[in-house]
2 protein chains.
Amino acid sequence: MSRTIDKVMRVLDLFSLERPEWGVSEAAKALGFPKSTTSELMSDLADQRLLSRATKGKYRLGWRLFELSQTLLDTTEFRMEARRVMEELVGCWRETVHLAVLDGVQAVYVEKLQPTPAVKIWISRTGARLPAHCSGVGKVLLAHSKWEHIAALFEDQGMPTLTHNTITTLDALAEELERVRELGYAHDHEETLVGLCCVAAPVHGSGGEVIAAVSLSVPAYRFCPNEDNYTAAILDAARRISESAGPELQESPDYEMEVQGT
Amino acid sequence: MSRTIDKVMRVLDLFSLERPEWGVSEAAKALGFPKSTTSELMSDLADQRLLSRATKGKYRLGWRLFELSQTLLDTTEFRMEARRVMEELVGCWRETVHLAVLDGVQAVYVEKLQPTPAVKIWISRTGARLPAHCSGVGKVLLAHSKWEHIAALFEDQGMPTLTHNTITTLDALAEELERVRELGYAHDHEETLVGLCCVAAPVHGSGGEVIAAVSLSVPAYRFCPNEDNYTAAILDAARRISESAGPELQESPDYEMEVQGT
DNA sequence: AATCCTCGTTCGACGATACCGAACGTGCCG
DNA sequence: CGGCACGTTCGGTATCGTCGAACGAGGATT
């Protein structure tokens with residue numbers, strides 16, 4: 001594996017909500033790199049606009065990341081329809097709704113809609129990444145992936161225990177995923193966070209493969225899957241999102257032009 | 001400069017709205033790289049989740065880009081308030097409103113709000129990058145940057161001519177930027193696109209420095225800056241966004257303003 | 001079913017290039 | 001004025017990315 005790319009990612013990963021600005025020396029110390037190497041790295045990254053120079057020798061994340069992310073989002077077909085459906089869900093159930101995709105053995109939250117007034121701020125965040133084995137969306141996504149692949153990754157990275165209900169062994173996970181496949185949806189009974197439950201269902205692409213998952217999150221004390229039919233609602237929502245991706249022949253309208261300086 | 005980082009960016013830049021998926025051979029041919037090099041490069045990028053493996057050996061942009069972009073956005077303080085103010089602007093004027101930041105000599109559109117029903121799809125797009133010398137937001141941002149710096153960049157990259165009104169010489173640009181500084185706002189008379197005008201104003205950070213620009217775009221046939229007071233509206237909007245970022249006092253005369261050399 | 005083509009990946013020796021300690025210039029504080 | 005911490009520059013060295021060739025897996029055509 002390329003050592004340079006690895007270092008680049010180590011550097012970019014430094015930048016967080018809590019610490020959005022880094023100087024060269026701070027970064028070098030945090031990463032254990034020599035100061036000169038770090039300086040050249042960060043300077044190169046700034047030249048490529050992956051970093052931007054802030055005041056007083058500090059660096060921030062650069063806007064090219066935003067550009068790249070935006071083309072990623074704009075070429076993710078199901079996102080527009082998903083958002084519409086999710087808004088309906090929130091309006092109807094007054095609970096938090098998530099949309100996530102699988103990335104390795106982690107679920108990346110692509111969209112998160114909360115009712116107003118927001119009941120609470122969960123640990124999830126748009127753009128956040130959580131272990132997939134302990135959330136509704138995560139289990140749905142894992143259930144439709146190659147088992148050998150994800151098993152190997154979990155062996156490597158371990159399975160973090162977030163609550164007393166979190167699945168902690170590969171055997172238990174295999175069993176649970178089998179159940180998820182049979183049912184067609186997944187429940188999360190306080191496996192991510194104590195007090196939080198959810199129902200999640202798979203979103204299918206035009207080829208029938210699972211490309212994302214939607215979920216409805218409900219506080220545990222209010223979670224009655226047998227009385228309320230969250231499950232039917234989320235399954236219907238997932239189906240509707242899938243159908244928008246289904247009619248294969250949607251040709252994207254030609255954009256006028258893309259002007260970029262050279 | 002690091003050759004590896006350069007190659008990485010060349011690869012990532014391949015992915016666009018028109019062509020969101022690339023195979024190794026296609027990419028190698030497009031970039032002029034050997035197939036093996038490209039394969040290892042893309043494989044490494046996929047390991048780092050900057051790319052993701054799609055079906056049939058194709059690659060797509062990876063979700064780590066989205067994560068990084070999201071932490072960038074979430075640490076961009078003025079964005080929330082900017083969005084609120086922009087929504088008001090759109091509601092009031094029924095025209096398209098832009099928010100942009102400067103990146104080199106290009107303006108990156110951070111946010112774009114259109115009235116419903118949308119009048120037209122402009123060449124701008126959230127996440128897009130346009131030469132700064134030919135747009136309202138761009139000129140505002142350039143006007144408050146170090147002249148030597150941007151002059152050098154323009155010398156390097158040239159000044160693309162988009163319309164018959166586009167500024168094409170450094171001298172004319174210097175003059176225009178001086179006027180923008182004096183007035184406190186910028187007009188764009190069909191300099192980006194024939195038929196499109198706009199008024200743009202600077203957003204100040206807590207330190208008084210210009211961190212972004214907002215603009216109101218109006219079709220040329222409807223653009224009457226002397227009758228309607230777009231200008232007052234956009235200046236007021238920019239001021240309100242600035243205030244949310246800086247409860248600190250911002251001195252109006254910026255005495256360390258740079259004077260243009262050659 | 002067999003053949004051919006194209007794809008993505010692997011391999012290993014080579015040579016470009018990223019690496020790092022030391023030195024430099026700068027701005028800040030005492 | 002002098003000390004300190006910062007970001008940057010420099011050049012020799014060894015690492016690590018590079019690239020042609022070979023490999024194995026699919027698809028399509030015959």
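The sequence lines fix the lettering, A, B, ..., with proteins before strands; numbering per chain opens at 1. As the structure is a prediction and not an experimental result, all values here were calculated from the model.
Both Glu26(A) and Pro34(B) lie close to DNA chain D; mapped to their nearest nucleotides by heavy-atom distance, the more 5′-ward contact belongs to Glu26(A). Toward the 5′ end of DNA chain D lies the nearest nucleotide of Ile5(A), the other residue of the pair Lys56(B) and Ile5(A) mapping further downstream.
Taking only side-chain nitrogens and oxygens, Ser39(B) comes nearer than 4.0 Å to OP1 or OP2 of dT9(C). Phosphate proximity of dC19(D) to Lys7(B): present, with a side-chain N or O under 4.0 Å from OP1 or OP2. Between Arg3(B) and dG15(C), a side-chain N or O to OP1/OP2 separation shorter than 4.0 Å is absent. OP1 and OP2 of dC7(C) both lie 4.0 Å or more from every side-chain N or O belonging to Tyr59(B). Put simply, Thr4(B) has no side-chain N or O that comes within less than 4.0 Å of OP1 or OP2 on dG17(D).
Summarising the geometry of Val24(B) relative to Thr38(B), their closest heavy-atom pair is O-CG2, 3.8 Å, with the distance given to 0.1 Å. Across all non-hydrogen atoms, the minimal contact from Ala46(B) to Tyr59(B) is CB-CE2, 3.8 Å. Between Leu170(A) and Trp147(A) the shortest heavy-atom distance is O-CH2, 3.5 Å.
When the C1' atom of dC19(D) is taken as reference, atom CG of Leu41(B) falls 13 Å away, rounded to whole Å. Rounded to an integer number of Å, the gap from CG of Asp47(A) to P of dT8(D) is 10 Å. To the nearest angstrom, C1' of dC6(D) lies 16 Å from CD of Glu21(A). Summarising the geometry, the separation between CG on Asp6(B) and P on dG17(D) is reported as 15 Å, rounded to the nearest angstrom. To the nearest angstrom, P of dG8(C) lies 15 Å from CG of Leu45(B). In this structure, Lys35(A) atom NZ and dC20(C) atom P are separated by 14 Å, rounded to whole Å. Distance, Arg10(B) CZ to dG17(D) C1': 16 Å, rounded to whole Å. Look at NZ on Lys29(A): it is 10 Å from P on dG7(D), rounded to the nearest Å.
As judged by a 4.0 angstrom heavy-atom cut-off over every strand, Thr37(A) is placed among the base-contacting residues. Among the protein residues, Ser25(A) comes within range of the sugar-phosphate backbone only, with heavy atoms under 4.0 Å from sugar or phosphate atoms but none that close to a base.
Checked for salt-bridge contact, Arg179(B) and Glu182(B) miss the test: no charged N lies under 4.0 Å from a carboxylate O.
Side-chain N/O atoms of Ser2(A) and base N/O atoms of dG17(D) include no donor-acceptor pair closer than 3.5 Å.
A donor-acceptor pair under 3.5 Å links the side-chain atoms of Thr75(B) to the main chain of Thr71(B), judged by distance alone. For Arg60(B) (side chain) and Ser52(B) (main-chain N/O), no donor-acceptor pair under 3.5 Å exists by modelled atom type.
Rounded to 10°, the helix from dA1(C)-dT30(D) to dC28(C)-dG3(D) has 40° between the axis fitted to its first five pairs and the one fitted to its last five.
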Could you give me the CA-CA distance, side-chain angles and deciding distance for Thr37(B) and Lys7(B), then say whether side chain to side chain contact (heavy atoms under 4.5 Å, CB included) is met?
-> CA-CA 10 Å; Thr37(B) 302; Lys7(B) 291 201 174 192; 4.1 Å; yes
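The OG1 atom of Thr166(B) sits 6.0 Å away from atom NE2 of His133(B), with the distance rounded to the nearest 0.5 Å.
Nearest to the side chain of Glu40(A), among dC20(C), dC6(D), dA21(D), sits dC20(C).
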